[in-house]
Every structure is written in C-alpha cells, then in structure tokens.
Asker: 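Input: one structure, supplied below.
Residues take their numbers from the sequence shown, with the count starting at 1. Computed from a predicted model, the values in this text were never measured in an experiment.
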Amino acid sequence: YCAWKKYYHKETMVHAYEQIDIDKLKPCLPKNRIQFLSREEVTEIEDQLYNFTDRAIVECLFEGISGPSMTDLVSLSADMLVHETKELYLPDKRIIQLTDKLYDLLIKAFNEQEYLCYGETLRVKKLLGVGRLYKEMDNAYASDSKDKAFRWVYRRFKNFRDHVGITELT
C-alpha cells in the first residue's frame with residue numbers, strides 16, 4: 001500500500017503502516033484477481049456455512065493458522081487446547097492465543113459428527129473421528145500423499161464457495 005501510494009500518488013508515507021486497513025488496500029489490488037476479505041465479509045461467509053468444521057477452517061485461515069500445505073490446520077485437535085487461557089499448543093511448541101470466536105468454533109467443530117453437504121440436494125454424511133478438525137467421511141476414499149492435508153482443505157472450499165457465491169474463494 002505504501003509503495004503504491006508513494007509511486008502512483010506521490011505521497012510521503014512516513015509512519016503509515018499503523019493506518020493501513022482493508023479499505024485502503026483494496027484499490028491497490030488488480031481487479032478480478034485477488035480478493036482480500038474484511039472481518040465483516042468473513043463473518044458473512046461463515047454465517048452461510050452449514051458445518052462448524054467449515055466455519056472453523058475459514059476462521060483459522062483468517063486468523064493466520066494454516067502451516068505448510070495446511071498441516072497446522074489439519075492437525076488441530078481438542079487435546080491441543082488449553083481451555084482456561086483459550087490457547088492452542090501446536091506440536092512444534094508454538095502457542096497461539098485464540099479469539100473467543102475461533103475457540104468456540106473449534107470446540108463445536110471438534111465435536112461435529114455429521115457433515116451437511118452443499119448442493120441442490122441436501123445430504124448428510126457421517127464423519128469419522130471426534131476431537132479433531134480433520135475428519136474423513138464414512139464413504140470417502142483419500143489416498144495418503146504429501147498433499148493430503150492441502151487437498152482436504154481445498155475440497156472443503158470447493159464444496160462451499162459456490163454456495164456462498166464467491167467462486168474465486170480459495
């Protein structure tokens with residue numbers, strides 16, 4: 001943003017980083033290529049999703065929890081939470097302070113046992129595993145590979161992005 005303002009608008013940008021927000025960033029981005037979402041827009045998307053797991057994935061990504069090839073996101077489990085402090089302890093010893101919203105979504109997602117599919121015909125699928133964010137469906141086959149975690153997150157987004165009306169959401 002600062003480089004854009006300085007180059008295109010010949011403005012000095014001393015101490016401007018503290019003033020940057022989503023509305024100031026939007027004009028800097030190429031149209032129809034990359035979309036950054038505000039807190040309000042992310043909440044609107046989450047409110048349209050049927051499953052707590054999907055809401056928790058979106059919220060984790062918004063709050064910066066993903067890891068290489070989505071491994072941090074997929075490895076999240078109930079035993080990583082410290083309920084008193086609402087902290088998340090990752091296997092590599094990183095500690096993440098959770099917002100109340102993300103904490104509540106993770107608790108619900110960890111306990112979710114059914115998945116409501118998006119589409120014209122509503123179907124409910126049984127989920128295998130409790131206490132984790134990543135759960136497989138009872139009739140799904142996913143081969144083990146290095147990108148299995150990434151593909152799981154990508155499939156989730158692919159499943160609900162048409163539902164929320166943002167086909168470029170990834």
Side-chain angles (χ1 to χ4, degrees), residues 1-3 13 15-26 28-29 33-116 125 127-137 140 142-161 164 166 168-170:
Y1 171 77
C2 292
M13 300 306 298
H15 303 295
Y17 292 103
E18 297 85 17
Q19 301 167 10
I20 296 174
D21 61 21
I22 194 78
D23 291 326
K24 290 179 180 176
L25 289 174
K26 284 184 178 181
C28 308
L29 302 172
R33 295 188 81 198
I34 299 173
Q35 182 173 0
F36 288 94
L37 302 173
S38 67
R39 164 79 272 165
E40 294 78 22
E41 291 168 320
V42 170
T43 299
E44 286 176 23
I45 290 169
E46 290 171 351
D47 289 346
Q48 295 177 60
L49 300 178
Y50 302 145
N51 305 291
F52 290 115
T53 301
D54 295 334
R55 293 177 187 186
I57 290 169
V58 171
E59 190 66 21
C60 282
L61 293 174
F62 183 76
E63 293 195 19
I65 301 171
S66 61
S69 296
M70 301 293 168
T71 53
D72 288 348
L73 181 65
V74 174
S75 71
L76 296 182
S77 63
D79 62 347
M80 298 166 90
L81 286 178
V82 176
H83 299 283
E84 298 77 26
T85 59
K86 296 185 180 177
E87 291 176 325
L88 184 67
Y89 283 73
L90 296 173
D92 64 2
K93 308 295 186 224
R94 285 179 291 148
I95 302 170
I96 299 172
Q97 181 65 54
L98 301 174
T99 61
D100 290 340
K101 179 175 184 160
L102 181 53
Y103 174 82
D104 292 340
L105 282 173
L106 286 174
I107 295 295
K108 291 174 182 175
F110 291 153
N111 293 309
E112 198 164 46
Q113 296 180 20
E114 294 178 328
Y115 185 81
L116 185 58
K125 303 251 182 170
L127 296 172
L128 303 176
V130 175
R132 298 175 303 167
L133 190 61
Y134 173 76
K135 300 177 188 104
E136 293 184 6
M137 293 184 194
S143 60
D144 285 332
S145 67
K146 291 180 180 179
D147 68 342
K148 181 178 180 178
F150 176 80
R151 287 186 296 115
W152 178 76
V153 175
Y154 178 80
R155 278 193 311 274
R156 286 296 176 107
F157 266 84
K158 188 175 181 228
N159 289 340
F160 64 69
R161 67 184 176 195
V164 300
I166 305 176
E168 56 280 337
L169 186 65
T170 58

Asker: How far does CG of Leu98 sit from OG1 of Thr85, to the nearest 0.5 angstrom?
Answerer: 8.5 Å
Asker: Check for a donor-acceptor pair, side chain of Glu59 on one end and backbone N or O of Val42 on the other, with a separation under 3.5 Å.
Answerer: no
Asker: Would you check, one step at a time, whether the test side-chain contact (heavy atoms from CB on, under 4.5 Å) holds for Met70 with Leu61?
Answerer: CA-CA 9 Å; Met70 301 293 168; Leu61 293 174; 3.9 Å; yes
Asker: With a 4.5 Å limit on heavy-atom distance, are the side chains of Asn159 and Tyr115 in contact?
Answerer: yes
Asker: Under the side-chain contact (heavy atoms from CB on, under 4.5 Å) rule, what do Thr43 and Lys101 come out as? Steps first, then yes or no, please.
Answerer: CA-CA 10 Å; Thr43 299; Lys101 179 175 184 160; 3.3 Å; yes
Asker: Would you confirm whether Asn51, through its side chain, and Thr53, through its main-chain N or O, come within 3.5 Å as a donor-acceptor pair?
Answerer: no
Asker: Thinking salt bridges, do Lys135 and Glu114 make one under a 4.0 Å N-O criterion?
Answerer: no
Asker: Do Val58 and Phe157 come close enough that some side-chain heavy atom pair is under 4.5 Å?
Answerer: yes
Asker: So which heavy atom on Tyr89 is nearest to which on Val82, and how close?
Answerer: CE1-CG2, 3.2 Å
Asker: Donor-acceptor pair, distance only, cut-off 3.5 Å: does the side chain of Arg55 make one with the backbone of Leu105?
Answerer: no
Asker: Check Lys86, His83, Glu87, Gln97 against Tyr103 for a side chain to side chain donor-acceptor pair (under 3.5 Å) and give me the one that passes.
Answerer: His83
Asker: Please test Ile65 against Leu90 for side-chain contact (heavy atoms from CB on, under 4.5 Å), starting from the C-alpha separation and ending with a verdict.
Answerer: CA-CA 10 Å; Ile65 301 171; Leu90 296 173; 5.6 Å; no
Asker: Show the nearest heavy-atom pair for residues Leu133 and Leu73, with the distance to one decimal.
Answerer: CD2-O, 3.5 Å
Asker: For Cys60, run the side chain to side chain contact (heavy atoms under 4.5 Å, CB included) check against Asp72, Leu102, Leu88 and tell me which one passes.
Answerer: Leu102
Asker: Does the distance from a Lys or Arg side-chain N to an Asp or Glu carboxylate O, for Lys125 and Glu112, drop under 4.0 Å?
Answerer: no
Asker: Ignoring hydrogens, what is the shortest heavy-atom contact between Ser75 and Met80? Give both atom names and the distance.
Answerer: O-SD, 3.3 Å
Asker: For the atom pair CD (Glu44) and CD (Glu40), what is the distance rounded to the nearest 0.5 Å?
Answerer: 8.0 Å
Asker: Compare every heavy atom of Phe110 with every heavy atom of Leu81, then report the nearest pair and how far apart it is.
Answerer: CD1-CE1, 3.6 Å
